[in-house]
Structure formats: C-alpha cells, structure tokens
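Values reported hereafter were calculated over all heavy atoms of this structure, with side chains retained and with hydrogens, waters and symmetry mates removed.
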Amino acid sequence: MKRYPVYKDSGIDWLGEIPEHWQQSSIRGVTKSVAQRNRSDLPLLAVYRDYGVIYRDSRDDNHNRVPEDLSNYKVVKPGNLVLNKMKTWQGSLGVSEFEGIVSPAYIICEVSTHVHSRFIHYLLRCYRYIFIYNKISYGVRVEQWDMHYEDFKQIPIFLPSVEEQKAIAHFIDRKLEEIDHFIRNKQRLIELLNEQKTAIINRAVTKGINPNAPMKHSGIEWLGEIPAHWEVIKISRIAKVVNGTTPDKNRLKYWKSGSIPWISSGKVNDYIITQPTEKITEAALKECSLRIMPAGSVVIGLVGQGKTRGKSARLAIDTCINQNLACIIPKLNLDSVFLHFVLIALYNPIRELARGGNQEALNCQIIGEIRIPFPPISEQQVIAAYIDMKSAEINISINQIQKSIELIQEYRTTLISDAVTGKIDVRGFDNANDTANSPKPPELATM
C-alpha cells in the first residue's frame, strides 16, 4: 500500500506518524455542541456501533422505551455529529445523513465547514479514536459508563485540506461498497448451505436414507409418504415430557455459591448444551421441587415470539431447566439424536401449535401429542449418524466462509483507520480506472 512521501511525528503515541502537510487541530476546533428541542414532529433516530446514525424504526432490536412526550428530545440535522455518550467507547457515534430527533442523553454537534462530513465521520469512528473514548469514559459499571463533551472536545485530530479529505472519504466509500458486496454474497452462501443442511435433515428423518425402501402414506398431510416399515407415533408414547422451574431470583440462598447446573430458555440456541446458564443450590433443588434432567435428553423452547419457541437442543450435561423449557426424556427405543433432528425438521409446524392470548406458548401436553415418524431404533441411529456426517461437512464450509468474513471485516477496520490517519496515501485513487493505490486482499480479488 502506497505511503505519503514525507511524515512527521504527531507527538501522540496512539497515533504515531502523520503526513507532513497535515495540520493539527482538535475536536473542539471543528465541532460545537448544540441542543435544539421541541420538534416532536420529526422521526426518531438512533446511533448504532455498526451503522452510525439511522432511523430508529429501520431496526427491530432497539427495545428502549420511548416516552409519550418527545418535546425534550434533541434535534439532529443532516451533517450533525451525534454521540451516544454512554456507548461512545463502543463506537456508537457518527455524522447523520438524516433529520430527526434523538434521546436527550445524546450529544449533538454542528460540524465546521472546514472539514468534510464523511471524512470526520470515518475519522471519529476509527478504532484508534474509539480506544481514546474508552479512556475518557467513566462510571461504576461498564454498561453505564459516561463521557462528557468537555473531555471529548480535547481530543487532538490531524487534518489534510478539505479536497484531500473528500478524496479519502470517496476512497473509503468505494472500498466499503466492494467489501459490503463481498460480505453479502458470503452471507447468502451461508444461508444456502444452511438450507441444504435443513433439506438433508428433513429428507432423512421423513423418508429415510434408503432410496429403494417401499413407501406408504403416513396419514399426515404435511409428512406425506414414509418408509413402509416405519410408524407414526406420539412423542408421549416414546418419551417423557417434563416442564422446568425457576427458583425465586430474589432469594440468594437459591443462587449464591450453587453447584447444580440450571439453564435458561436461551440455551436452546446452543444446539448442544455443554455449559449451564447458572448454578443453583441444594436448597433451591429441594424447596422448589426442581428436577435434574438427564444428559442425552432434548430440551425445547415453549415461549417466545422470536426463534426460541419450538427450537430444540441436545443436553450433554445433567441439568435443571427453567419454566420456559420442556425436556423430552427418551425411552429405550428412542434415540435422542434422531429425536433432535426430527424436532429440527418440525420446527415451523411445532411453532404453529402454540396457544394463548398475549403471548402464545407451547406446553408439555402439546409437545407430547406431536406425532413423529418412528423407524426402528437401529435405523434411527444410522440416520442420526448420517445426518451428523453430512452436517459436519457443510459446517466445515460454513466455518471457512465465516472466517473469510471475519478477515475481510478486520481488513475493513484497518483500511478505514489507515486512510483517515494518513498511514496510506489514496490521493491517486480514481473513480473509474486507478486502483493501484488500493490493492484488494486475496478474498476480495476473487469476487
């Protein structure tokens, strides 16, 4: 990567050398704190570490309560720098492209016309500066750290001319388009591989792995034909379905210095559960009528509007479970690995069985009534081993793709930081032809 012809010492250890012609300033020199209010008619904005300033309703993972009275919310104009002062140390800041309002707890700054808005956006979000925000944020608990504008504005910055700032911002914009396109393609490939894995599971647990096996109709519309020697049977006939319990969280004697594993409903996302969420005490086990579920069982989520309801995981440990989980304990003629694959195949139909008012839920009786395809135990084990083998092959490919995404994201972070702090010279980057100053990493070169 091409460097500038001449550098000078910035005098700042975390910044190092900067191009000789860049001029020192400070955040105070290019920003001014503002706090216009009383514009409840404007849309709500939010600041994300990964995205900068966006419309709040463009994402569904912001669960902070919005008050009815928005008159105290601060106005953000296009070109304003917005900081979530409690999470600036994580990178939650950015120059807004939108007009709207944000929480009164945010810091809003007008940006000088002597800096290009996209350049300052990239500069103040690069990892070298996020490291400093961490240093000047404080508080008792990390999730409640705070940062004051008075400290923030003292941070030094080094600036080239506005024209050079524009060139750097343009270079970064173009490179990020390429990187984001690469990541989207890789993520789509992961989706296709997961779909392939699901298809393998569905086919194996409903049709078997012998393509020449005689077939019969299962009597269940969604299941269709199954091998002629298989049965269709209720889970309650071949397994015991048991609900879990959560001891009173306010009673320390149930939770302090415990030794008995206990898991929450979120653990169904682990696929195979090898570690507990927490540990409870003997007192909780005895006084709250908890039961230890045996390793080799399968747990399934009962509640949740997200993916938890109907999702299952294998237990690799003996553990207690919370009230939003059911444990399916197989009998001798049911292989738990095969059962888990059946439940994966039935995920969507099982979710639809939920009942209730405000929050639909499954229960042990509903789970027990589910009818599943049921081959002989020896064939269950062969099918389970086959699916494990095929899934492992696909997982190797998925892991390789995920690693390539991680590497390109690391490259992205370094590229932005190096460009806005003058570690690389991108002035020769041309919109159409000249990419000599910005060689692609190996992964991008094969796009």
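Val241 places a side-chain heavy atom less than 4.5 Å from the side chain of Ile235. Counting heavy atoms from C-beta on, the side chains of Leu83 and Tyr106 never come closer than 4.5 Å. Between Leu81 and Phe152 there is a side-chain heavy-atom pair separated by less than 4.5 Å. Within the 4.5 Å cutoff, the side chain of Leu193 has heavy atoms near those of the Gln196 side chain. Counting heavy atoms from C-beta outward, Val82 and Ile107 have side chains that stay 4.5 Å or more apart.
Between Pro330 and Ala239, the shortest heavy-atom distance links the atoms CA-CB, 3.9 Å. Arg125 approaches Ile130 most closely through the heavy-atom pair O-CD1, 3.2 Å. Closest heavy-atom contact between Ile292 and Cys320: CG1-SG, 3.9 Å. Minimum heavy-atom separation, Ser117 to Val95: O-CG2, 3.7 Å. Nearest heavy atom pair, residue Val53 against residue Ser96, reads CG1-OG, 3.5 Å. In terms of heavy atoms, Ile220 sits closest to Val232 at CD1-CG1, 3.4 Å.
Between Tyr122 and His116, the ring center distance fails the sub-6.0 Å criterion.
Ion pair Lys77/Glu99 not flagged as a salt bridge, since none of the NZ, NE, NH1 or NH2 atoms sits closer than 4.0 Å to an Asp/Glu carboxylate oxygen. Electrostatic pairing of Glu278 and Lys267 does not count as a salt bridge here, judged by no charged N lying under 4.0 Å from a carboxylate O. Ion pairing of Asp418 with Arg128 is present here, as a side-chain N (NZ or NE/NH1/NH2) and a carboxylate O approach within less than 4.0 Å. With respect to Lys253 and Glu287, a salt bridge is recorded, a charged nitrogen being found less than 4.0 Å from a carboxylate O. Ion pairing between a basic and an acidic side chain is recognised when a charged N comes within 4.0 Å of a carboxylate O; Arg118 and Glu97 show such pairing. Of the charged side-chain nitrogens involved, at least one lies within less than 4.0 Å of a carboxylate oxygen, so that Glu17 and Arg3 count as a salt-bridged pair.
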Requested in this report: Before giving the answer on ring-ring contact (aromatic ring centres under 6.0 Å, His included), spell out for Trp89 and Phe131 the whole-Å C-alpha distance, their side-chain angles and the decisive distance to 0.1 Å.
Outcome: CA-CA 7 Å; Trp89 63 275; Phe131 168 78; over 10 Å; no
**Report entry** Stepwise salt bridge (Lys or Arg N to Asp or Glu O under 4.0 Å) check, Lys403 with Glu410
**Finding:** CA-CA 11 Å; Lys403 181 62 176 177; Glu410 291 174 7; 5.4 Å; no
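Relative ring orientation between Trp262 and Trp255 is described as perpendicular, the plane-to-plane angle rising above 60° on a 0-90° scale split at 30° and 60°. Ring orientation note: the planes of Trp14 and Tyr129 are nearly perpendicular, at an angle over 60° on the 30°/60° scale. Aromatic ring pairs are classed by plane angle as parallel below 30°, tilted from 30° to 60° and perpendicular above 60°; the pair Trp230 and Phe338 is perpendicular.
Checking His181, Arg174, Lys175 one by one against Glu178, the side chain to side chain donor-acceptor pair (under 3.5 Å) holds for a single residue, Lys175.
For the pair Arg314 and Phe341, the cation-pi criterion (under 6.0 Å, within 45° of the ring axis) is fulfilled.
Annotation: the span from Asp335 atom CG to Ile238 atom CD1 amounts to 11.0 Å, rounded to 0.5 Å.
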